[in-house]
There are 2 protein chains.
Amino acid sequence: MQGKKENIDETDRKILNILLKDANTSYVDIAKRIHVSPGTVHVRMKRLVRIGLVKKAFLNVDYNKLGYDICAFLGIHLENSSFYSQVIDALYHIPEVVNAHYTTGNYSIFVRIICRDTEHLREVLHEKIQEIDGVQRTETFISLEESIHRTISLESREEV
Amino acid sequence: MQGKKENIDETDRKILNILLKDANTSYVDIAKRIHVSPGTVHVRMKRLVRIGLVKKAFLNVDYNKLGYDICAFLGIHLENSSFYSQVIDALYHIPEVVNAHYTTGNYSIFVRIICRDTEHLREVLHEKIQEIDGVQRTETFISLEESIHRTISLESREEV
DNA sequence: GTTGAAAAATTCCGCCG
DNA sequence: CGGCGGAATTTTTCAAC
């Protein structure tokens, strides 16, 4: 288990809240907004990266404008849960799969894929995902619109 | 409809592929890797931002280390689809909701939420989401592990 | 698309509370 | 020790070619 809580103080939390909204905010800007020096922002961030709390940033692009018109969710039923790691491994080799979650509930694996068009989606579903050993059946939900896309805001709590 | 395809050439695609993997890569670095000048990377990116293809960057943080232990997916069944926009509006005011998709298939709205613990999840579900007018019922899938998290790579195709 | 110079940001180090 | 300020380095930005 690698994900245990870390000691984060109010300054760290303020810095993260600004960067969670826009990861391109400069340290100088952040420093001004929370009334510390740019050097302090720098050392705080360096520590947060070192302890693995902050990983790299992702660019948010308009996939439609890149010719990727379809975003779909797949619920994947496994024949039994022992297939989990080998199915994840197979999914990892399919570039259209951008997220995969091991979940409770009706499905065992929940996946998000990005495809160019319906033909591309059909190909990924039938020729790639349903061919994976251990996959029993899948249910597909096509996203017609992503209405909300954001990150959480950290509450200012007295202790973390 | 705002998401129509744009003309992207091979240079744009190379730049995007690097930034999609790590949004913090400096333009100088990118320039070296694709053998153009930093100025070129700059003007290309400026255009991509202007046409709305590139939006802001998101920081990737370890929510567990911030004390948020639960990531869950909700399938929300609406009483009928005319409730869509008012339900999205209500969801927007719930900070725990980080993504919401309008989907085909069994659900009408598909949502991802981030919560501190099971009690927090219960509170969000019962006191916030199921209270929304137009929400018939919800199904919850708790993510036990996010095994894959990445972005697509742009293929080098002859035309876009 | 490139170059080169100005402006800005990052990064590091010695100093102070 | 953690935070501050300034100096050196690097990057971003923009004009002219």
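We name chains A, B, ... by the order of the sequence lines, and we start the count at 1 in each one.
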Undergrad: Among C/dG1, D/dT12, D/dC4, which is the nearest nucleotide to the side chain of B/Arg44?
TA: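 Shortest atom-to-atom distance from the side chain points to C/dG1.
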
Undergrad: For B/Thr40 and C/dT2, is the shortest distance between a side-chain N/O and OP1 or OP2 below 4.0 Å?
TA: yes

Undergrad: Ignoring the backbone of A/Tyr27, work out which of C/dT11, D/dC14, D/dG5 is nearest its side chain.
TA: C/dT11

Undergrad: Determine, using ring centers only, whether B/Tyr107 and A/Phe73 are less than 6.0 Å apart.
TA: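 Centroid distance A/Phe73-B/Tyr107: not below 6.0 Å, so no.
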
Undergrad: In whole Å, I'd like the distance from the CD1 atom of B/Ile30 to the P atom of C/dG1.
TA: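 Those two atoms, CD1 and P, are 15 Å apart.
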
Undergrad: Report the distance from atom NZ of B/Lys46 to atom C1' of D/dT11, rounded to the nearest whole Å.
TA: 16 Å

Undergrad: Touch check for A/Ser26, heavy atoms < 4.0 angstrom, all strands: base, sugar-phosphate only, or nothing?
TA: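 Sugar-phosphate, backbone atoms only, no base.
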
Undergrad: In whole angstrom, give the distance that lies between atom NE2 of A/His35 and atom P of D/dG2.
TA: 23 Å

Undergrad: Using the benzene-type ring in the case of Trp, are the ring centres of B/Phe141 and A/His101 under 6.0 Å apart?
TA: no

Undergrad: Whole angstroms only, please: what is the CD1-P distance between B/Ile15 and D/dT12?
TA: 12 Å

Undergrad: Taking the side chain of B/Thr11 as heavy atoms from C-beta outward, which of C/dG1, C/dT2, C/dT10 is closest to it?
TA: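 The answer is C/dG1, which lies nearest to the side chain.
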
Undergrad: Given 3.5 Å as the limit, does a donor-acceptor pair link the side chain of B/Asp69 with the main chain of B/Asp117, or not?
TA: no

Undergrad: Report which part of the nucleic acid B/Val43 touches: base, sugar-phosphate, or nothing (heavy-atom distance under 4.0 Å, all strands).
TA: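 Here B/Val43 touches no strand at all.
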
Undergrad: Using atom types as modelled and distance alone, determine if a side-chain donor or acceptor of B/Arg137 lies under 3.5 Å from a backbone N or O of B/His77.
TA: no

Undergrad: According to a strict under-4.0 Å criterion, is B/His42 in side-chain N/O contact with OP1 or OP2 of D/dT12?
TA: no

